Amino acid sequence: MEILTYNTISFLFLYFFVSVLCQNGSDISPISSPSPFGVSTERLIFKDRRLAVVYPIIQAFKATITEDPLNRTGNWVGGDICNYTGFYCDNPPDNLSAIALAGIDFNGFLLGAPTLAGFIDKLPDLAIFHANSNKFAGSVPDVSQLKYFYELDLSNNVHAGTFPMTVIGVKDLSFLDIRFNLFSGSVPPEIFNQALEVLFINNNDFTAKLPENFGSTPVRYLTLANNKLTGSIPRSIGNLNMTLIEVLLLNNKLTGCLPYEVGFLKELKLFDVEDNLLTGPLPCSLSCLDKIELLNLANNLFYWEVPEELCALVNLENLTLSGNYFTKVGPVCRKLIKNGILDMRQNCVPDLPQQRSLLECTEFYLKYIRFCPYPETYKIIPCKDDYHHHWEGSKAKTMKAPVTYKTLSRHKF
């Protein structure tokens with residue numbers, strides 16, 4: 001199939017647009033046009049003039065598709081755009097009697113195309129574009145001029161280059177998923193100034209430090225796992241205390257100590273920083289995470305004792321501290337070990353099984369221990385009067401499966 005350039009797509013759009021003859025409002029709109037690139041010359045009927053406008057854009061994009069093994073584009077013919085596979089229509093906010101193309105869902109279509117530019121950025125009423133598991137390449141289109149746009153999913157494609165700055169400044173963008181692509185470089189601070197609820201950028205090749213304004217977005221679900229991010233977790237994470245529910249930072253190269261402000265995240269249910277280079281004692285403020293269900297700090301460089309107040313959290317279902325250098329656990333924590341909730345393997349607690357050797361533990365404490373800034377904060381429990389205990393008789397509960405762990409799979413969730 002012939003690959004068209006962005007300029008060709010723009011030309012096709014202009015060519016088709018001038019040939020559209022449609023009436024006012026949402027009346028049936030007939031058009032008649034020549035047939036370049038296999039577009040039918042039959043007289044086409046559209047339910048609304050807005051659909052007549054996007055028809056040539058869709059057909060021009062279709063002509064650029066290089067792979068369609070499932071024949072998903074097979075019914076992208078004629079004027080009934082709302083019944084094209086993957087296309088969804090609705091009444092636009094500015095005219096509830098009109099019919100417009102509002103959403104596109106190409107998840108799992110396995111389509112291949114050299115670019116999405118000239119396609120989704122030219123669909124004036126588009127609000128949602130999901131395209132997980134395709135072979136779309138090129139730059140991410142600038143959708144900042146689409147007045148209703150709020151969800152973009154380009155996960156598991158072959159987009160490359162630096163972070164797509166074209167998404168910066170999209171006013172109502174609340175969902176951004178670009179995981180499992182080939183993006184590299186730094187994560188721009190500007191993305192954390194946007195009012196996102198969901199940000200999934202895991203499984204790329206992002207490097208550099210997390211920006212200091214990391215906690216400036218009201219994000220609820222955040223996945224930055226499986227990149228090469230460096231530096232410490234910014235103290236501004238505490239600003240997410242009213243919103244953040246799940247965060248995955250595992251398998252990066254993060255260093256430094258856990259900031260005391262992590263304990264402010266009162267809505268947090270999942271926190272995973274496994275496989276980094278984080279160090280220091282655990283701040284007692286972690287015992288303020290009343291809603292935490294899964295806490296994974298495995299395979300880092302944490303040391304000293306495990307706070308008993310942390311082990312007393314009533315909603316804790318899985319506490320993984322394996323692969324660190326802790327030396328002491330108290331009776332509350334030992335109860336969690338017995339119940340299979342706390343994993344303390346490969347630490348330095350003398351009377352527990354499957355611990356590091358004495359030589360390895362001694363070497364770490366003599367050569368590699370690093371002290372944390374703001375040491376006075378590590379014993380403070382800001383919610384001391386409020387924290388709950390396992391021994392106070394918690395009721396049996398059913399834990400809802402985490403959302404963000406599903407993002408570590410390539411496919412849609």
Side-chain angles (χ1 to χ4, degrees), residues 1-13 16 35-40 51 53-89 100-143 146 149-161 164 166-167 175-183 200-204 406-407 409-413:
M1 186 178 293
E2 183 176 359
I3 300 175
L4 302 182
T5 65
Y6 175 82
N7 289 335
T8 305
I9 294 176
S10 299
F11 171 77
L12 279 174
F13 167 68
F16 278 89
S35 55
F37 300 98
V39 178
S40 174
L51 299 176
V53 168
V54 300
Y55 171 80
I57 302 169
I58 296 169
Q59 296 304 317
F61 173 68
K62 179 181 178 180
T64 74
I65 293 176
T66 57
E67 296 182 49
D68 182 12
L70 305 178
N71 193 32
R72 298 301 193 194
T73 66
N75 71 343
W76 294 7
V77 293
D80 193 5
I81 291 172
C82 300
N83 282 321
Y84 286 9
T85 300
F87 290 78
Y88 298 90
C89 296
L101 177 59
I104 295 176
D105 184 354
F106 290 168
N107 285 341
F109 279 20
L110 306 181
L111 299 176
T115 184
L116 292 170
F119 176 45
I120 64 174
D121 51 318
K122 300 298 183 183
L123 303 173
D125 299 300
L126 192 68
I128 298 173
F129 183 74
H130 288 189
N132 169 273
S133 298
N134 287 279
K135 295 181 181 179
F136 296 136
S139 59
V140 175
D142 182 357
V143 293
L146 304 184
F149 198 84
Y150 67 94
E151 283 194 16
L152 180 62
D153 180 356
L154 297 175
S155 56
N156 196 25
N157 280 276
V158 288
H159 296 289
T166 48
V167 303
F175 181 104
L176 178 62
D177 185 351
I178 57 171
R179 60 197 166 91
F180 286 99
N181 276 284
L182 304 171
F183 294 115
F200 298 151
I201 63 173
N202 54 285
N203 293 84
N204 281 283
K406 298 175 183 178
T407 67
S409 168
R410 287 183 173 272
H411 305 294
K412 67 177 181 178
F413 59 93

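Every value quoted in this text rests on a predicted model; they were computed, and no experiment measured them.
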Would you check if Val54 and Pro124 make a side-chain contact, meaning some heavy-atom pair closer than 4.5 Å?
yes
Got Val143 and Ile120 here, is their nearest side-chain heavy-atom distance under 4.5 Å?
yes
Taking only residues two or more places apart in sequence or in another chain, which ones pass side-chain contact (heavy atoms from CB on, under 4.5 Å) with [X]?
X: Asn132; answer: Asn107, Asp153, Ser155, Asn156, Arg179, His411, Lys412
X: Asn203; answer: Phe180, Asn226, Leu408
X: Pro164; answer: Val140, Thr166, Ile178, Phe183
X: Cys82; answer: Leu51, Asp80, Cys89, Ile99

Atom pair [atom1]/[atom2] of [X] and [Y] - distance to nearest 0.5 Å:
X: Leu146; Y: Leu126; atom1: CG; atom2: CG; answer: 6.5 Å
X: Asn71; Y: Leu111; atom1: CG; atom2: CG; answer: 10.0 Å
X: Ile81; Y: Tyr88; atom1: CD1; atom2: OH; answer: 15.0 Å
X: Ile58; Y: Ile104; atom1: CD1; atom2: CD1; answer: 6.5 Å
X: Thr73; Y: Glu67; atom1: OG1; atom2: CD; answer: 12.0 Å

Which residues pass the side-chain hydrogen bond (donor to acceptor under 3.5 Å, both in side chains) test with [X], sequence neighbours left out?
X: Asn204; result: none
X: His159; result: none
X: Asn134; result: none
X: Asn181; result: none

Under 6.0 Å between ring centres, would you say that holds for Phe175 and His130?
yes
Any donor-acceptor N/O pair, Tyr55 side chain to Gly78 backbone, under 3.5 Å
no
Ser409 side chain vs Lys406 backbone, donor-acceptor pair below 3.5 Å
no
Might you point out which heavy atoms bring [X] and [Y] nearest each other, and give the distance in Å?
X: Pro141; Y: Ala117; result: CG-N, 3.7 Å
X: Phe119; Y: Ile57; result: O-CG2, 3.9 Å
X: Pro114; Y: Thr66; result: CD-CG2, 4.5 Å
X: Ala131; Y: Asn157; result: O-ND2, 2.9 Å

Please list all pairs passing the disulfide bond (SG atoms under 2.5 Å apart) test where one or both residues lie in residues 106-138, with sequence neighbours left out.
none
Please identify each residue that fulfils ring-ring contact (aromatic ring centres under 6.0 Å, His included) with Phe106, with sequence neighbours left out.
Trp76, Phe87, Phe109, Phe129
I'd like to check the ring-ring contact (aromatic ring centres under 6.0 Å, His included) partners of Tyr150; sequence neighbours left out, ordered by chain and number.
none
